Each structure stands twice: as C-alpha cells, then as structure tokens.
Amino acid sequence: MLLSPTNKVARLHYMANSFRMLTAGDHVVCAVTGQAIPLEELRYWSVVKQEPYVSAEASARAALAKG
C-alpha cells in the first residue's frame, strides 16, 4: 500500500492540460498569494512560468505582472 504524504509541498512540472509530480506532496503554494493549494483543487498554473495559482484571479494577476 502506498501512503499519501501529508502536509508536504509537492514539486510539479506543469504542462498544457496536466501536471507531472516530480516530488511527492499533497499541496503546492500559490505563486501570487502564498496560499496552500491541495493538489485535488489545483486548476490554474502557468506552463511558461512553471508556477501554480489558487484562482483565476491570481492567474490573471500573475499574467499582468511584469517579469
């Protein structure tokens, strides 16, 4: 039986329609807000910047930010 890691940040590779887990964990941290995002709730990310977002609003804010 494979145990699920708890309260550990996952490291992911973000692709166009999915992501691949590089380091096991149960959540990622939003690049804009710093809020923890459980993997089962992760819906927004940037393939180019390779960073996750907690919401569409956070994703738009990151897209509009310089850099």
Side-chain angles (χ1 to χ4, degrees):
M1 184 170 118
L2 190 60
L3 296 177
S4 172
T6 57
N7 203 27
K8 184 177 176 191
V9 177
R11 200 172 118 233
L12 306 178
H13 176 74
Y14 302 98
M15 298 175 283
N17 295 312
S18 64
F19 53 83
R20 182 170 38 102
M21 189 170 300
L22 301 175
T23 303
D26 61 358
H27 70 281
V28 291
V29 178
C30 177
V32 174
T33 67
Q35 186 175 347
I37 310 164
L39 293 184
E40 61 272 6
E41 294 177 20
L42 180 60
R43 302 287 180 270
Y44 306 96
W45 58 81
S46 169
V47 173
V48 174
K49 293 181 179 181
Q50 287 293 299
E51 56 188 27
Y53 309 113
V54 71
S55 65
E57 179 187 356
S59 176
R61 283 175 35 202
L64 295 172
K66 294 193 187 265

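Please read these numbers as outputs of a predicted model, since none were measured by experiment.
Residues Ser46 and Tyr53 form a side-chain contact, since some pair of their non-hydrogen atoms from C-beta on lies under 4.5 Å apart. Proximity of Tyr44 to Val32: side-chain heavy atoms (C-beta onward) are nowhere separated by under 4.5 Å.
Around the CD atom of Glu57, the shell of radius 6.0 Å holds no more than 12 heavy atoms that belong to other residues, nucleotides or ligands.
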- Verdict with supporting geometry, Val28 and Leu39, side chain to side chain contact (heavy atoms under 4.5 Å, CB included): CA-CA 7 Å; Val28 291; Leu39 293 184; 3.9 Å; yes

Working for side chain to side chain contact (heavy atoms under 4.5 Å, CB included), residues Val9 and His27
CA-CA 5 Å; Val9 177; His27 70 281; 3.3 Å; yes

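Cluster annotation: Val47 is connected to Phe19 through the hydrophobic network of ILVMFWY side chains, with a link wherever side-chain heavy atoms come within less than 4.5 Å.
Annotation: the span from Met15 atom CE to Gln50 atom CD amounts to 9.0 Å, rounded to 0.5 Å. Note: Ser18 OG to His13 NE2 = 8.5 Å, rounded to the nearest 0.5 Å.
Residues Leu12 and Met21 share a closest heavy-atom pair of CD2-CA, 3.7 Å.
Side-chain N or O atoms of Lys49 include none that pairs as donor or acceptor with a backbone N or O of Ala31 at under 3.5 Å.
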